[in-house]
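Scroll down for the structure; my scribbles are underneath it.
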2 protein chains.
Amino acid sequence: MTTINILQQPTSTAWLDQAIANLDIILLDHSHCERKAAAAALNLMFRYPSSRALVDKLTAIAQEELEHFTLVNQWLDRRGIPLAPLNAPPYGAALRALIRRQEPERMLDFLLISCLIEARSHERLGLIGEHCPDPELAKFYRSLMASEARHYGAYWVLADTYFDREQVARRLEELAIAESEILSTLHPEPRIHS
Amino acid sequence: MTTINILQQPTSTAWLDQAIANLDIILLDHSHCERKAAAAALNLMFRYPSSRALVDKLTAIAQEELEHFTLVNQWLDRRGIPLAPLNAPPYGAALRALIRRQEPERMLDFLLISCLIEARSHERLGLIGEHCPDPELAKFYRSLMASEARHYGAYWVLADTYFDREQVARRLEELAIAESEILSTLHPEPRIHS
């Protein structure tokens, strides 16, 4: 597995404290995140239905996100948490606002934003896996790590498939700075991306 | 497996002749249909994220549609057909126009429209499986039959879970009559739902 260090700033201990103190809400939000990640992969396929490498990789990603969604929902059952709507934190919308409107830049930005969201999820789910006081739940979070890393790797590989590597690196850095900036103020509601 | 006879009119031989004469386009359209079916299942989950029975069944359906999407794309490769966009026939939009705007009627209509689309797909893919001149491709189509039947059964069961059975039967009949009416004029471009 290729390790890609793309996040500009690590997650704050303030986020970790907030997450560990609100594990039930984090689990529920995690369920929503997996569903949204599957939908995001499918939506991207709808935008570029003839780009075969993209379609193949995104199909595999969407399938894995749906598997995780099912697993997280089983954890909700175990802890007696009903599926319920949750307000999304500003993170996703703030990132999507950075996507340029013109092709081919738009495709590059879609891929890199997805790459960053997956990389951040990987980092934060890993932190929960390390610090969660419930050893079974901690183990579950650690079990998700390999495929979460594969996902952000896959988005990076797709960007690298369709775009010049130097252009990818430059834009990824700009977006990564913005991503860390968005998270620099902790959102008051506990979320995977608060 | 429960057999549910819900289609008001069987598919015409004119459609079958058109499909068999244009198998490559039908295969490409079939790929798009599997992708759209997965997305439709996910979209429905987004509308009713707290309805657990619905979320569980639609997750399983979306996963199977993505598996079929991958299999159909392998058939495109085998026959040297590139993934390319195709105009959708009027069928999907005409059916969606029948969905009532108010809840809970909207949910019922979403479920029954999906049920009808899956039932029609099941019927037509079955016809291809019976009449396709390529025995390997015919076998592939027959292999999809069981899960296609499961899908329309699942949408019916969901409607029956959330609504009164008599109300489901009445509305399903109205929509099934409309569905057959939409297909009574063959669309000039060969499609699964032309």
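Residue numbering restarts at 1 for every chain, and letters A, B, ... go by the order of the sequence lines.
- If you tally non-hydrogen atom pairs under 4.5 Å between each of B/Asp56, B/Leu76, B/Asn43, B/Asn73 and chain A, the highest count goes to B/Asn73.
- At a 4.5 Å heavy-atom cutoff, the contact between B/Leu42 and chain A is made by side-chain atoms alone.
- Of the residues considered (B/Arg52, B/Lys36, B/His32, B/Met45), B/Arg52 shows the highest number of contacts with chain A, using heavy-atom pairs under 4.5 Å.
- Of the atoms belonging to B/Gln74, it is backbone heavy atoms, and not side-chain ones, that fall under 4.5 Å from chain A.
- Going from atom CG of B/Leu108 over to atom CD1 of B/Ile113 covers 10.0 Å, rounded to the nearest 0.5 Å.
- For the options B/Ser50, B/Pro82, B/Ala62, B/Ala60, heavy-atom pairs under 4.5 Å to chain A are most numerous at B/Ser50.
- For the pair A/Arg170 and A/Glu166, the salt-bridge criterion is met [side-chain N within less than 4.0 Å of a carboxylate O].
- For the 3.5 Å distance criterion, the side chains of B/Tyr48 and B/Glu103 qualify, holding a donor opposite an acceptor.
- Using a 30° and 60° split on the angle between ring planes, A/Phe140 and A/His30 fall in the tilted class, from 30° to 60°.
- Donor-acceptor pairing under 3.5 Å is recorded for the side chains of A/Gln18 and A/Ser194.
- Residue B/Pro49 touches chain A through both its backbone and its side chain, counting heavy-atom pairs closer than 4.5 Å.
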